[in-house]
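First comes the structure, then the notes that go with it.
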Amino acid sequence: MSLTDGNAIFKSLNKAQYRAVSSEAPTVAILAGPGSGKTHTLTSRVVWLIDHVGIQPQDVIVATFTNKASNEMKARIGNALGDGREKGIIIGTFHSIARRYLVKYGQRIGLDPKFGIADDSDSRGVITRICKRLDTHLEPPVARAWISKRKAKGTSDELAIKDKKGQSVESRALEQCFQEYQSQLERSNLLDYDDLLVRCVELLRKFPQCVSNIQTVLIDEYQDTNGVQYDLMRLFARKQRRITIVGDPDQSIYGWRSAEIKNLHRLLRDYPGTDEISLEENYRSSSCILDTSLKVIQQDQERYKKVLLPVRDKGTRPVLRKLKNSNDEADWIVSEIKRIRMLSGNMIDFDDFAILLRSAALSRQVESTLGREGIAYRMVGGFKFYERTEIKILLDYMRIIHQPDNNDALARIINVPKRGIGDMTIKALLEEAEKSSMSLWQLVEKHCRGQRRAKTNIRQQTENALSGSLMKPLNSLRERLRSDAGVGTPMNLVELLQKLIRDLKFEDYLEATYGAEYESRWANVQEFVTLAEEFMRQSRVDDEALPTIDGFAQATDDDLLARFLSNVSLASDKQTEDKGQEGKPLVTISTIHAAKGLEWPVVFIPAVYNGSIPHIRADDQDEERRLLYVAMTRAKALLYLSCPQNIATGKTTELSSFIDLLPSSAFLPKGPSFDRPVMSSVAKILGRELPPDNIIYKVSRMRQATAHGRENDRNFSTPLRACRSRKSQ
DNA sequence: CGCCACATAATTTTT
DNA sequence: TTATGTGGCG
């Protein structure tokens with residue numbers, strides 16, 4: 001078959017990519033650096049396997065690391081196949097695929113099909129409670145990390161032996177905490193993120209029939225898989241042992257979540273004859289940017305060495321700028337954004353810029369400066385919509401409607417809005433419920449109905465409130481949701497949510513608790529309703545359906561409320577691509593982690609000092625270096641690093657040692673002049689047309705003329721989260 | 001026991 | 001600048 005045959009998608013492949021896409025080997029490992037077209041190659045291989053090898057879409061599993069990546073891949077595959085067949089492919093994050101299998105077949109391993117997903121704050125809450133109760137000196141975050149590691153390890157043989165004996169007092173306490181935690185979750189019928197994977201492994205070990213149809217498995221961002229995910233991959237592919245992975249060990253930045261670079265060696269060991277293919281051309285970055293980035297990553301002596309050759313022009317050297325403090329740094333970044341935009345004659349617009357941060361908390365200064373200058377932006381990663389308190393309250397209510405035995409959710413909202421029941425009583429009730437092996441809901445309900453007096457003292461007034469404003473409305477909502485019993489059509493998701501908000505008098509509650517500031521909270525609530533509407537409209541049940549296995553009974557995943565709730569827990573954030581209010585281009589602010597796999601023409605990396613990168617609390621220096629490498633290699637044409645010399649509380653900083661080691665000639669001390677030659681090389685790298693000089697000149701003159709009265713061309717279409725009142729001195 | 005007001009400490013990365 | 005803890009009042 002020649003390169004030009006068949007589908008158009010194959011024309012866009014280079015030689016190595018084509019070889020990877022069309023490899024006949026059962027197992028293919030594609031290892032390649034940033035910007036070498038890994039994802040493109042993987043999607044093309046999916047298309048190849050379906051169109052040329054003849055594998056049925058529903059017999060293909062594609063596991064990605066984030067929802068964003070899986071949505072994008074789905075779209076790209078859909079484009080290439082062109083007839084909607086991509087809908088059959090089992091594609092998603094490991095967690096979402098695992099959830100689907102567990103909903104369908106989980107009953108076989110004793111799982112209640114109505115299981116909920118314990119998100120971060122759920123498990124943090126449970127563990128904090130346990131630590132307090134056990135009265136050990138365990139730090140909850142430490143315990144949590146330990147438990148998660150324990151689960152994520154999978155059956156990595158070497159590790160299993162080494163960790164056999166935990167002898168110290170501390171490890172016994174951890175062990176106990178672990179057990180308590182698991183039984184707490186079980187009580188509330190919850191699985192945490194790790195459990196989704198662990199239980200799915202259990203399911204597939206015991207019932208391999210579930211995946212008996214699977215012909216081939218493809219994994220994106222393989223370097224970020226952990227032990228359980230490796231097990232899962234093997235189980236998915238058990239029948240045909242046909243696996244394709246793409247990854248880059250240099251971009252492994254999830255070690256803290258138990259990702260194991262070793263998985264690469266395990267793959268080569270467990271699947272001898274794997275076709276190893278490397279993609280060595282970088283199509284993304286200017287060769288200057290690539291050079292400097294490689295100088296950073298090459299400081300790692302242990303790394304798996306790979307070739308990465310620039311395809312693009314030389315471009316200009318990255319800029320390394322030292323500023324007095326973070327305010328100056330933010331000011332400088334924003335002025336540089338404006339300057340580039342202007343001097344490129346708007347060839348480079350706001351959506352071409354990204355500001356990549358080691359930690360979300362660093363966004364403050366930049367956000368307020370952008371806000372002050374009227375530049376619209378979007379923040380990716382960091383604080384999440386679903387984690388806002390007002391949204392979480394509503395979510396907890398919905399979770400209880402779906403599943404009354406969720407003790408934690410109930411305990412959180414039993415006094416929100418205030419019903420005259422305090423922490424002491426809640427704690428006592430929880431304990432009583434546990435002792436009598438009931439759920440909190442059952443206990444309270446029985447009490448209110450007079451069927452069983454609770455030992456804990458509940459005042460009459462409180463009891464009335466509990467009965468009238470909690471049990472009754474929720475019971476009635478639950479009833480109206482049922483499709484079988486009851487009169488008329490069952491309530492849909494949005495109606496449910498709206499009725500709930502009304503029943504709770506939620507607007508009044510918000511006003512009472514937040515006073516004049518309540519409006520933005522209420523706006524969030526309304527946005528939440530909109531999201532639910534969208535979810536209802538978009539999600540058809542068969543979108544995520546697993547193929548039917550003959551003669552093997554399965555449950556259906558048709559409970560909209562359940563799907564909405566797990567969607568919320570498994571989505572890093574709301575998926576709405578906010579394009580600014582009127583489609584205006586937005587500057588992107590993102591954590592480095594959330595930027596993985598993406599690229600921008602211009603990238604700023606602020607706060608490049610020791611303590612930030614490498615982060616003060618990080619224990620793996622190499623991983624921190626890789627993080628910086630990932631950030632730098634997101635840039636196509638222009639890369640800016642900066643370092644404030646003083647940070648809060650008057651402390652001075654020192655430049656990140658990853659950068660300090662480089663010769664100073666690697667960087668420009670300040671932004672380049674952007675004369676015609678520089679700009680046209682930028683244009684060439686980006687494959688764009690640079691406006692003629694006279695236009696650029698005209699634009700920039702106009703800007704200067706209106707420089708002090710620029711209210712006119714400012715737009716204040718800042719995204720919702722920027723509206724939080726924030727003093728911008 | 002519940003609630004409010006006030007002071008205080010904390011602040012990596014994500015499914 | 002936001003979650004936690006403490007103290008006093010009803």
Side-chain angles (χ1 to χ4, degrees), chain A residues 63-70 92-99 117-125 128 132 140-141 144-145 148 151-152 191-197 221 224-226 228-229 252-259 356-365 367-368 380-384 386-389 415 418-428 456-459 461-462 465 512-514 566-573 590-596 607 611-620 623-624 626-628 630-631 647-649 724-729:
Chain A
T64 63
F65 204 64
T66 64
N67 292 297
K68 208 201 235 155
S70 93
T93 61
F94 274 102
H95 294 86
S96 111
I97 294 173
R99 186 197 71 86
I117 296 169
D119 62 28
D120 250 358
S121 63
D122 291 325
S123 41
R124 207 175 327 147
T128 315
K132 265 192 195 136
R144 209 164 81 87
S148 173
K151 295 188 193 176
L191 299 183
D192 71 11
Y193 292 131
D194 298 311
D195 288 335
L196 284 175
L197 306 177
E221 305 278 14
D224 288 324
T225 55
N226 61 30
V228 208
Q229 286 165 335
S252 165
I253 53 177
Y254 283 93
W256 51 277
R257 250 176 59 191
S258 315
L356 304 184
L357 310 165
R358 173 61 183 85
S359 43
L362 290 166
S363 72
R364 280 250 140 76
Q365 284 88 357
E367 279 194 78
S368 78
V380 183
F383 34 67
K384 290 167 208 158
Y386 296 123
E387 274 170 20
R388 286 156 189 278
T389 30
N415 200 31
K418 296 247 177 316
R419 297 188 177 97
I421 182 167
D423 294 343
M424 302 302 275
T425 314
I426 294 174
K427 218 169 133 191
T456 314
N457 187 36
I458 298 176
R459 292 193 310 226
Q461 220 183 348
T462 313
T513 28
Y514 299 105
S566 54
N567 191 283
V568 167
S569 316
L570 291 179
S572 53
D573 205 359
S590 170
T591 59
I592 298 174
H593 285 87
K596 195 178 62 167
S612 176
I613 316 186
H615 195 273
I616 191 145
R617 296 190 55 181
D619 37 30
D620 185 346
E623 179 154 317
E624 295 293 301
R626 293 195 291 269
L627 208 42
L628 182 59
V630 167
I647 46 175
T649 64
R724 286 190 314 193
S725 66
R726 175 173 286 150
K727 279 190 202 115
S728 43
Q729 30 155 302

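Note that this is a predicted model, so its numbers are computed, not measured. Residue numbers begin at 1 in each chain, while the letters A, B, ... track the order of the sequences.
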Q. Under 4.0 Å between a side-chain N or O of A/Thr591 and OP1 or OP2 of B/dT14?
A.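 Affirmative; the distance criterion is met.
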Q) Can you tell me if the side-chain N/O atoms of A/Asn415 get under 4.0 Å from OP1 or OP2 in B/dC3? A)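 Affirmative; the distance criterion is met.
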What's the closest nucleotide to the side chain of [X] if the choices are [options]?
| X | options | result |
| --- | --- | --- |
| A/Asp120 | B/dC3, B/dT14, B/dT13 | B/dT14 |
| A/Arg617 | B/dC3, B/dT11, B/dG2 | B/dT11 |
| A/Thr93 | B/dC4, B/dG2, B/dT15 | B/dT15 |

Just the rounded figure in Å: distance from [atom2] of [N] to [atom1] of [X].
| X | N | atom1 | atom2 | answer |
| --- | --- | --- | --- | --- |
| A/Trp256 | B/dT15 | CH2 | P | 8 Å |
| A/Asp224 | B/dT13 | CG | P | 16 Å |
| A/Arg124 | C/dT4 | CZ | P | 9 Å |
| A/Ile592 | B/dT13 | CD1 | P | 11 Å |
| A/Ile613 | B/dT13 | CD1 | P | 13 Å |
| A/His593 | B/dT13 | NE2 | P | 9 Å |
| A/Arg364 | B/dA10 | CZ | P | 17 Å |
| A/Ile253 | B/dT14 | CD1 | P | 9 Å |

Q: Please state whether the base of B/dT14 and the side chain of A/Arg257 form at least one donor-acceptor pair under 3.5 Å?
A: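 By the distance-only test, yes, there is a pair.
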Q) When you match A/Asn457 and A/Thr66 each to their closest nucleotide on DNA chain B, which lands nearer the 5' end? A)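 Its nearest nucleotide being more 5', the pick is A/Asn457.
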Q: Tell me which of A/Tyr193 and A/Ser359 sits closer to the 5' end of DNA chain B, going by the nucleotide each one is nearest to.
A: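 By nearest-heavy-atom nucleotide position, the 5'-most residue is A/Ser359.
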(Q) If we ignore hydrogens and angles and just use 3.5 Å, is the side chain of A/Asn67 paired with the main-chain N or O of A/Leu570 as donor and acceptor? (A)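 Checked: pair present.
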Q. Counting distance only, does the side-chain N/O of A/Glu624 pair as donor-acceptor with the main-chain N or O of A/His615 below 3.5 Å?
A.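 Confirmed, A/Glu624 side chain pairs with A/His615 backbone.
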Q. Of A/Asn226, A/Asp192, A/Asp194, which is the lone residue that meets side chain to side chain donor-acceptor pair (under 3.5 Å) with A/Lys151?
A.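 Of the listed residues A/Asn226, A/Asp192, A/Asp194, the side chain to side chain donor-acceptor pair (under 3.5 Å) partner of A/Lys151 is A/Asp192.
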Q: Using a 4.0 Å heavy-atom cut-off across all strands, classify A/Phe94 as base, sugar-phosphate, or nothing.
A: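 Since no nucleic acid heavy atom lies under 4.0 Å of A/Phe94, the category is nothing.
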Q: Tell me, with the steps shown, if A/Asp119 and A/Ser569 meet side-chain hydrogen bond (donor to acceptor under 3.5 Å, both in side chains).
A: CA-CA 6 Å; A/Asp119 62 28; A/Ser569 316; 5.1 Å; no
Q: Kindly check if the number of other-residue, nucleotide or ligand heavy atoms within 6.0 Å of CG (A/Asp423) is above 12?
A: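 No, not enclosed.
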Q. Looking at A/Trp256 versus A/His593, is the centre-to-centre ring distance below 6.0 Å?
A.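 Centroid separation for A/Trp256 and A/His593: below 6.0 Å.
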Q: Output, in order, the C-alpha distance, side-chain angles, deciding distance and verdict of ring-ring contact (aromatic ring centres under 6.0 Å, His included) for A/Phe65 and A/Phe94.
A: CA-CA 7 Å; A/Phe65 204 64; A/Phe94 274 102; 8.0 Å; no
Q | Base-paired stems that DNA chain B participates in, counting runs of 3 or more Watson-Crick or G-U pairs under 3.5 Å | A |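 For DNA chain B the paired stretches long enough to count as stems (3 pairs minimum) are B:1-9 with C:2-10.
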